[in-house]
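So the structure is just underneath, and the comments pick up after that.
Note that the numbering runs from 1 along the sequence shown for the chain.
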Amino acid sequence: MHYAYPGWDGADYDYDELIGSLSYQQRLTAHLAWSPNTARYGNERLVRSEPSVAYELSLVQPLGPRWSLSAGIGYHDLDELFDRGYWFWNAGFVLTWQSMQLDLMHIGTDATARRTFGSEIAGARWIAALTWRF
């Protein structure tokens, strides 16, 4: 996967990521994401083109034909960028209808992420995502 930020004035945040996942019965999934050229702004400095790795374990529990509970916990190792990493988590609901999926999740990070990136970027908040599969 390639993340591009076209038209961004100033810093170059573009980076690549290779992601692998193993799943058991489409309910318990382990994810591993490796990036050879991570770019992040933190601790009032930009760090570019350093490797990073993230680990995550997620669980989906069906509640019925359309509703599921979803939760996950992970660790993003940014040792090459900032000499530290941070924990992250999510929990919420998933609604599936035909080819659409709506996720309503509460996400958060630990205090290390907030110290590194600031509370405006890291911390706890609600997010919603709508996915259309075709």
Side-chain angles (χ1 to χ4, degrees):
M1 187 174 283
H2 177 75
Y3 295 89
Y5 299 88
W8 184 266
D9 293 331
D12 179 11
Y13 284 103
D14 297 356
Y15 68 99
D16 303 301
E17 195 171 57
L18 180 63
I19 304 167
S21 300
L22 289 174
S23 186
Y24 176 72
Q25 296 183 348
Q26 297 182 334
R27 291 182 61 197
L28 182 64
T29 304
H31 308 273
L32 174 67
W34 174 77
S35 171
N37 59 343
T38 302
R40 293 286 188 275
Y41 181 84
N43 292 337
E44 299 181 7
R45 65 186 172 105
L46 176 67
V47 180
R48 285 186 284 177
S49 298
E50 294 293 340
S52 71
V53 65
Y55 314 89
E56 183 177 6
L57 189 61
S58 60
L59 175 68
V60 176
Q61 175 61 49
L63 299 175
R66 291 193 174 111
W67 287 94
S68 298
L69 285 175
S70 177
I73 188 165
Y75 184 77
H76 198 168
D77 184 352
L78 298 174
D79 196 49
E80 297 292 326
L81 283 89
F82 300 110
D83 297 324
R84 69 182 66 103
Y86 65 90
W87 289 93
F88 58 91
W89 58 269
N90 65 73
F93 295 96
V94 179
L95 172 64
T96 305
W97 182 69
Q98 296 179 359
S99 61
M100 306 292 279
Q101 179 176 311
L102 176 65
D103 296 78
L104 180 60
M105 307 294 276
H106 193 245
I107 61 170
T109 58
D110 69 6
T112 302
R114 291 188 298 277
R115 281 192 309 272
T116 303
F117 303 112
S119 59
E120 300 234 350
I121 294 174
R125 59 188 49 107
W126 285 93
I127 63 167
L130 181 62
T131 305
W132 174 43
R133 292 184 172 87
F134 57 95

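Each of L32 and L22 belongs to its own hydrophobic cluster when Ile, Leu, Val, Met, Phe, Trp and Tyr are linked at side-chain heavy-atom distances under 4.5 angstrom. No single ILVMFWY cluster, assembled from side-chain heavy atoms under 4.5 Å apart, contains both W97 and F134. Taking hydrophobic clusters as Ile, Leu, Val, Met, Phe, Trp and Tyr residues chained together by side-chain heavy-atom distances below 4.5 Å, L78 shares a cluster with I121. Residues L102 and F93 share a hydrophobic cluster, clusters being chains of Ile/Leu/Val/Met/Phe/Trp/Tyr side chains in contact below 4.5 Å. Hydrophobic clustering (side-chain heavy atoms under 4.5 Å, transitive across Ile, Leu, Val, Met, Phe, Trp, Tyr) keeps W34 apart from M1.
Between E56 atom CD and H31 atom NE2 the span is 5.0 Å, to the nearest 0.5 Å. Put simply, CZ on R133 and CD on Q98 are 13.5 Å apart, with the number rounded to the nearest 0.5 Å. Between the OH atom of Y3 and the CG atom of N37 there is a distance of 12.0 Å, given to the nearest 0.5 Å. Remark: W126 CH2 to N90 CG distance equals 11.0 Å, nearest 0.5 Å. With rounding to the nearest 0.5 angstrom, the CG atom of D83 is 10.0 Å from the OG1 atom of T116. Distance check: Q101 CD to T96 OG1 gives 4.5 Å after rounding to the nearest 0.5 Å.
Within the 3.5 Å criterion, the main-chain N or O of D16 finds a donor-acceptor partner in the side chain of S35.
Residues T38 and P51 approach most closely at OG1-C, 4.3 Å, considering heavy atoms. The nearest pair of heavy atoms linking S68 to P62 is OG-CA, 3.7 Å.
When ring centroids are compared, Y55 and Y75 stay outside the 6.0 Å threshold.
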Walk me through it: do V94 and V60 pass the test side chain to side chain contact (heavy atoms under 4.5 Å, CB included)?
CA-CA 9 Å; V94 179; V60 176; 5.8 Å; no

For side chain to side chain contact (heavy atoms under 4.5 Å, CB included), just list the numbers for D103 and S70, CA-CA rounded to whole Å, side-chain angles, deciding distance to a tenth of an Å, and then say yes or no.
CA-CA 9 Å; D103 296 78; S70 177; 5.8 Å; no

Show me, pair by pair, the donor-acceptor contacts under 3.5 angstrom made by side chains of residues 104-113, not counting sequence neighbours?
unit_1: T109; atom_1: OG1; unit_2: G123; atom_2: N; d: 2.9
unit_1: D110; atom_1: OD1; unit_2: T112; atom_2: N; d: 3.1
unit_1: D110; atom_1: OD1; unit_2: A113; atom_2: N; d: 3.1
unit_1: D110; atom_1: OD2; unit_2: W87; atom_2: N; d: 3.1
unit_1: T112; atom_1: OG1; unit_2: R115; atom_2: NH2; d: 3.3

